[in-house]
Enquirer: 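Mind having a look at this structure? Questions to follow.
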Amino acid sequence: MHQLSEQEILRRNKLEELQKLGIEPYPSELFDVNFYAQEIHDNYHPELNNFQEVVLAGRLMSSRVMGKASFAELMDSSGRIQLYVNRDEICPGEDKTLYNVVFKKLLDLGDFIGVKGHVFKTQVGETSIHVTELKLLAKALRPLPVVKTQKDEATGETITYDAFTDPEQRYRQRYVDLVVNPHVRDTFVKRSQLVQSMRNYLNDKGYLEVETPILQPLYGGAAARPFKTHHNTLDMDLYLRIANELYLKRLIVGGFDGVYEFSKDFRNEGMSRFHNPEFTQMELYVAYKDYAWMMDLVEEMVERVALALHGKTEVQVGDNVINFQRPWQRYTMFEAIEKYTGEAIGEMDETALRATAAKLNVHLEPSMGKAKIIDEIFGEHVEGKLIQPTFITDYPVEMSPLAKKHRDRPGMVERFEAICNGKEICNAFSELNDPIDQRKRFEDQLELGKRGDTEAMVLDEDFLRALEYGMPPTAGLGIGIDRLSMIMTNSHSIQDVLFFPQMKPENNG
RNA sequence: GAUUCUGUAGCUCAGCUGGUAGAGCAGUACACUUUUAAUGUACGGGUCCUGGGUUCGAAUCCCAGCGGAAUCACCA
């Protein structure tokens with residue numbers, strides 16, 4: 001255990017003092033709350049004389065003792081409310097221990113307490129709880145960071161003092177971050193609402209939420225390096241999934257018309273403010289549809305998410321206001337590249353593409369095929385400039401081994417990505433359901449692998465077997481929940497939308 | 001992996017060209033029955049990230065390491 005600080009020792013001593021007074025610092029019995037701070041703030045009116053018997057519980061976040069009466073702040077899951085604690089009211093008899101010793105001396109900021117009382121407004125108009133009973137519910141042995149706020153009378157803005165800001169501590173001790181930084185809590189509530197709003201949308205359409213394996217004997221469905229693990233009893237290597245695509249398509253083969261899954265996927269690659277080794281996607285597959293239909297769905301679903309979270313389609317992200325109102329801009333990949341670089345690359349062969357890339361200062365590796373070069377040009381010169389939600393359609397076949405060939409553009413597939421704030425937020429195709437073509441595409445991937453592409457896909461015989469039994473024409477979608485959450489909550493880093501982002505161990509020498 | 005910044009009290013931070021470790025909040029004690037960054041007085045609290053080196057003397061300078069952030073690389 002770590003060396004205890006002065007304040008931690010004091011709190012442990014107080015714990016013993018409480019026990020000596022016969023007060024259990026961690027009582028077992030339930031404490032029935034009947035109201036939350038926020039609903040009192042929203043609905044209390046002195047003239048109605050409502051909220052005259054309230055029971056609340058939460059953390060003690062501040063206290064101002066003024067002799068025989070005190071003000072304190074209680075924070076529950078909905079917010080904060082002021083408490084008024086009067087010695088002679090919580091200690092009606094001769095024994096003033098509960099006020100003089102327990103409340104004034106032995107309670108600390110951060111302790112969980114329960115209170116009963118009635119609501120009133122103080123002379124300065126602050127809605128408060130006049131406490132008649134007070135009970136310790138759980139003692140906190142470590143001091144929380146002390147964050148104070150003050151309302152600026154002139155502007156009405158809240159000024160925060162000594163905010164808990166050290167990113168390392170905030171990520172390592174997210175529980176502390178959540179307690180003292182209300183905006184952090186709000187971000188995660190919004191993330192949850194985002195997922196809920198998508199789920200509601202998909203359920204309303206009658207699609208089935210499913211679960212598919214995270215531990216897979218072969219990884220597939222995306223171009224990425226996997227995490228590898230081992231099952232002892234079977235004595236076999238397994239991979240943590242990098243995508244769910246191939247399993248969800250097996251379910252379409254099995255006869256479901258629409259299946260979706262919110263899934264943690266794992267990619268053993270670099271970390272950045274847009275990348276965490278484990279991240280969340282929602283994948284959706286709908287039978288008898290195509291990618292054009294899926295574009296409409298994405299627009300509608302994401303517009304609905306924005307409305308659910310913000311009540312409007314405009315969302316402030318950094319310096320930009322992003323408007324998710326339908327319809328979104330649509331470009332083919334070649335159109336977009338031409339628009340932003342002036343280069344018409346549609347008819348170029350690999351040699352010409354390499355020359356163009358060089359002209360545009362795009363760095364290439366010898367292992368890159370034609371499709372990868374196009375992708376590099378797009379990534380370097382176009383993607384970052386697409387701030388408003390934009391669909392990019394019709395990708396080269398080589399970089400989309402699971403997408404169906406374009407119905408009338410040779411060499412292309414029916415695929416789109418939605419780009420927003422300069423980053424991809426989703427990827428979708430008319431799914432390849434021709435088993436012979438799919439086998440050939442896998443074989444082409446194996447070739448890329450031999451050229452040194454560590455992210456080339458592996459051939460999945462069982463998946464091909466499923467396709468050979470017949471998969472209906474299907475539209476598929478993968479949408480990055482972390483990326484979308486970042487945009488919807490105006491978060492600069494993926495770490496701000498993950499409760500517990502990946503970190504190196506604290507004590508490593 | 002590269003570059004830059006960064007690590008000092010529970011929290012937020014200051015600490016100059018090297019000379020006994022500082023502030024505010026938090027804490028402790030006392031006072032105070034409508035305060036709200038409550039107030040007043042007094043007091044306590046440190047492995048200055050770790051390990052070397054230079055020096056009479058290192059939080060400070062040098063080297064190495066560890067953690068974190070940003071940008072880049074990588075990553076559809």
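Order of the sequence lines sets the chain letters (A, B, ...), proteins ahead of strands, with each chain counted from 1. Note that the structure is a prediction, hence the values are computed from the model and not measured.
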Enquirer: What does nucleotides 36-44 of chain B look like as a protein-contact string, B for base, S for sugar-phosphate only, - for none, at under 4.0 angstrom between heavy atoms?
Expert: BBB-----B
Enquirer: Kindly write out the residues that satisfy salt bridge (charged side-chain N to carboxylate O under 4.0 Å, His left out) with A:Asp42, not counting sequence neighbours, or none if the list is empty.
Expert: none
Enquirer: Looking only at side-chain N and O atoms, does A:Lys105 come under 4.0 Å of OP1 or OP2 in B:C30?
Expert: yes
Enquirer: Of the nucleotides B:G27, B:G67, B:A76, which one has an atom closest to the side chain of A:Lys504?
Expert: B:G67
Enquirer: Is the distance from OP1 or OP2 of B:C11 to the nearest side-chain N or O of A:Gln169 less than 4.0 Å?
Expert: yes
Enquirer: For A:Lys14, answer base if it contacts any base atom (sugar-phosphate contacts may also be present), sugar-phosphate if it contacts only those atoms, and nothing otherwise; contact means non-hydrogen atoms under 4.0 Å.
Expert: sugar-phosphate
Enquirer: Could you give the CG-to-C1' distance, from A:Leu4 to B:A9, as a whole number of Å?
Expert: 15 Å
Enquirer: Take atom CG of A:Asn181 and atom P of B:C11, then tell me their distance rounded to the nearest Å.
Expert: 14 Å
Enquirer: Of all residues at least two apart in sequence or in a different chain, which pass the ring-ring contact (aromatic ring centres under 6.0 Å, His included) check with A:Tyr219?
Expert: A:Tyr239
Enquirer: Nucleotides 69-74 of chain B: which of its N/O atoms have a protein N/O under 3.5 Å away?
Expert:
residue : atom : partner  : partner atom : Å
B:A69   : OP1  : A:Gln495 : OE1          : 2.8
B:A69   : OP1  : A:Gln495 : NE2          : 3.1
B:U71   : OP1  : A:Arg273 : NE           : 3.3

Enquirer: Tell me the interatomic distance from A:Arg170, atom CZ, to B:G67, atom C1', rounded to whole angstroms.
Expert: 17 Å
Enquirer: If you find the nucleotide of RNA chain B closest to A:Thr165 and the one closest to A:Ala69, which residue's nucleotide is nearer the 5' end?
Expert: A:Thr165
Enquirer: Taking A:Thr332's backbone N and O only, do any of them form a donor-acceptor pair with A:Glu335's side chain (distance below 3.5 Å, no angle check)?
Expert: yes
Enquirer: For A:Phe500, which residues count as a ring-ring contact (aromatic ring centres under 6.0 Å, His included) partner, sequence neighbours excluded?
Expert: none
Enquirer: B:C32 C1' sits how many Å from A:Tyr84 OH, rounded?
Expert: 12 Å
Enquirer: For A:Lys139, check salt bridge (charged side-chain N to carboxylate O under 4.0 Å, His left out) against everything at least two apart and list the hits.
Expert: A:Asp108, A:Asp111
Enquirer: Answer yes or no: side-chain N or O of A:Arg415 and base N or O of B:A76 forming a donor-acceptor pair under 3.5 Å.
Expert: yes
Enquirer: Heavy atoms under 4.0 Å, any strand shown: does A:Phe120 hit a base, just sugar-phosphate, or nothing?
Expert: base
Enquirer: Over how many whole Å does the gap from A:Glu17 atom CD to B:G27 atom C1' extend?
Expert: 16 Å
